[in-house]
Asker: 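Handing you a structure now.
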Amino acid sequence: MSESSSVPQVPSALEQLPTDFKVFKPTSQSPALLADLPDDYFTPTAADLQAAQATLSARTQALVNAPLKIRAVREAEAAAKRDRWPETKIRVKFLDQTILEKTFPSTNKIRSVYAFVRGCLREDAKPIKFVLYQPPKRDLKVSDPAVRDQTLAALQLAPSSVLLLRFEDDKLNHVNVPAPLATFVLEQAVDLPSPPTNEERVKDDKSASGSAAPRASKPKTGTGEVKIPKWLKLGQSKQLYPPIPIKRNLMSLSPEK
């Protein structure tokens, strides 16, 4: 027996690294745009506050007025959601606007997202605890029993969600601090695709309208005039339902003296 065959096969460090993910570089345009905006831009107007209050009130009323559902109905709805969205795309955004993206099965728990993010961090940053959350105040902690035992679909994260990351070490929670990602992750970073411009949106709308089925054309006569239906001619020449004399009607409703 050779010496190489007697040595047990140990998985290499590369085999334990996360795979099938994307990483997007911080957008270079965002800080410049924000710097040019005046301070009053970030102050909500009265219309903004009214719209936010209306949305919150409607959501509250929908929850209060929602009918109670038995367990079988809730399980059936959850199964239908799993069948509709078998996968969940999660984007984890750091404070410097770096984004990690990976697709998970919707039946996975939130700890799989934590394990993926931790596997992408540098060695010195892996021991530091962090929290994935959704603004304004929804922390998705693994230590929370109401979170750790739920699937991504049950947590309302399917089919796609954006999660923010907050370290317990506040030194890493600054916009000017680069995301503490490993070298093999940063090497795969690409630019975030820019949103479509107004011209591209208009072009897409025109192409979509052009591919739509043409509407039925109105019947025309031999002279090119639009042919009026017989029932419409009847309505024009003679009123089918003559109006009730308003004066006599009002007099009949008046109390007798």
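This structure is a prediction, so every number in the text was calculated from the model and none was measured.
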Asker: Give me the atom names and distance for the closest heavy-atom approach of A153 to A158.
Answerer: CA-CB, 4.1 Å

Asker: Would you tabulate the side-chain donor-acceptor contacts of residues 171-181 under 3.5 Å, counting partners in other chains and residues two or more places apart, or write 'none'?
Answerer:
{"from": "N173", "atom 1": "OD1", "to": "F167", "atom 2": "N", "distance (Å)": "3.0"}
{"from": "N173", "atom 1": "ND2", "to": "F167", "atom 2": "O", "distance (Å)": "2.7"}
{"from": "H174", "atom 1": "NE2", "to": "D170", "atom 2": "O", "distance (Å)": "3.2"}

Asker: Report yes or no: does Q188 contribute a side-chain atom to a donor-acceptor pair with the main-chain N or O of F184 at less than 3.5 Å?
Answerer: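 Yes.
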
Asker: Any idea which heavy atoms bring L152 and P105 closest together, and the distance?
Answerer: CD1-O, 3.7 Å

Asker: Could you pull out all residues at least two apart from L49 that satisfy side chain to side chain contact (heavy atoms under 4.5 Å, CB included)?
Answerer: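 Side chain to side chain contact (heavy atoms under 4.5 Å, CB included) check on L49 returns P44.
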
Asker: Does D124 have any side chain to side chain contact (heavy atoms under 4.5 Å, CB included) partners at least two apart in sequence or in another chain, and if so, which?
Answerer: R122

Asker: Between A189 and K25, what is the shortest heavy-atom contact and its length?
Answerer: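 So the minimum-distance heavy-atom pair works out to O-CE, 3.4 Å.
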
Asker: Decide if atom CZ of R138 counts as having more than 12 heavy atoms of other residues, nucleotides or ligands within a radius under 6.0 Å.
Answerer: yes

Asker: Looking at side-chain heavy atoms only, is the closest gap between L165 and V117 below 4.5 Å?
Answerer: yes

Asker: Can you list the residues that meet the side chain to side chain donor-acceptor pair (under 3.5 Å) rule with S57, with sequence neighbours excluded?
Answerer: Q53

Asker: Would you say I99 and L163 are hydrophobically clustered, going by side-chain heavy atoms of ILVMFWY under 4.5 Å?
Answerer: no

Asker: Could you state the interatomic distance from CZ (R118) to CZ (R111), rounded to the nearest 0.5 Å?
Answerer: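 With rounding to 0.5 Å, CZ (R118) is 14.5 Å from CZ (R111).
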
Asker: Are the side chains of T103 and D20 in touch, meaning some heavy atoms are under 4.5 Å apart?
Answerer: no

Asker: Please verify the inter-ring angle class for F130 with Y114; under 30° counts as parallel, over 60° as perpendicular, anything in between as tilted.
Answerer: parallel

Asker: Less than 4.5 Å apart, any side-chain heavy atom of K109 and any of V147?
Answerer: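 No, their side chains stay 4.5 Å or more apart.
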
Asker: Are L192 and I90 in one and the same hydrophobic cluster, where Ile, Leu, Val, Met, Phe, Trp and Tyr link if side-chain heavy atoms are under 4.5 Å apart?
Answerer: no

Asker: Please name all residues satisfying side chain to side chain donor-acceptor pair (under 3.5 Å) with Q50, sequence neighbours left out, ordered by chain then number.
Answerer: none

Asker: Any side-chain heavy-atom pair from L157 and L140 closer than 4.5 angstrom?
Answerer: yes

Asker: Can L95 be reached from L132 by stepping across I, L, V, M, F, W or Y side chains whose heavy atoms are under 4.5 Å apart?
Answerer: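 Looking at the clustering, L95 is in a separate group from L132.
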
Asker: Enumerate the residue pairs fulfilling salt bridge (charged side-chain N to carboxylate O under 4.0 Å, His left out) with a member in residues 142-153, sequence neighbours excluded, ordered by first and then second residue.
Answerer: none

Asker: Following the transitive rule for hydrophobic clusters with a side-chain heavy-atom cut-off under 4.5 Å over Ile, Leu, Val, Met, Phe, Trp and Tyr, establish whether F116 and L155 coincide in one cluster.
Answerer: yes

Asker: Please name all residues satisfying salt bridge (charged side-chain N to carboxylate O under 4.0 Å, His left out) with R91, sequence neighbours left out, ordered by chain then number.
Answerer: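 Listed in chain order: E101.
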
Asker: With a 4.5 Å cut-off on side-chain heavy atoms, are C120 and L100 touching?
Answerer: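 With C-beta onward as the side chain, the pair touches.
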
Asker: Within a 6.0 Å radius of atom NZ on K89, are there more than 12 heavy atoms belonging to other residues, nucleotides or ligands?
Answerer: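 Incorrect, the count does not exceed 12.
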
Asker: Please identify each residue that fulfils side chain to side chain contact (heavy atoms under 4.5 Å, CB included) with A51, with sequence neighbours left out.
Answerer: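 For A51 there are no side chain to side chain contact (heavy atoms under 4.5 Å, CB included) partners, ignoring immediate neighbours.
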
Asker: Return the set of residues passing side chain to side chain donor-acceptor pair (under 3.5 Å) with T151 (not counting sequence neighbours), or none when no residue passes.
Answerer: none

Asker: Locate the shortest heavy-atom distance separating Q150 from A146; write the atom from each residue and the value.
Answerer: CG-O, 3.2 Å

Asker: Cluster question for you: counting only ILVMFWY and a side-chain heavy-atom cut-off of under 4.5 Å, with indirect links fine, are V113 and W85 together?
Answerer: no

Asker: Not counting sequence neighbours, which residues clear side chain to side chain donor-acceptor pair (under 3.5 Å) with R166? List them please.
Answerer: D139

Asker: Go through the structure and list residues passing ring-ring contact (aromatic ring centres under 6.0 Å, His included) with F24, not counting sequence neighbours.
Answerer: none

Asker: Between the side chain of T60 and the main-chain N/O of L56, is any donor-acceptor distance below 3.5 Å?
Answerer: yes

Asker: Of all residues at least two apart in sequence or in a different chain, which pass the salt bridge (charged side-chain N to carboxylate O under 4.0 Å, His left out) check with E87?
Answerer: none

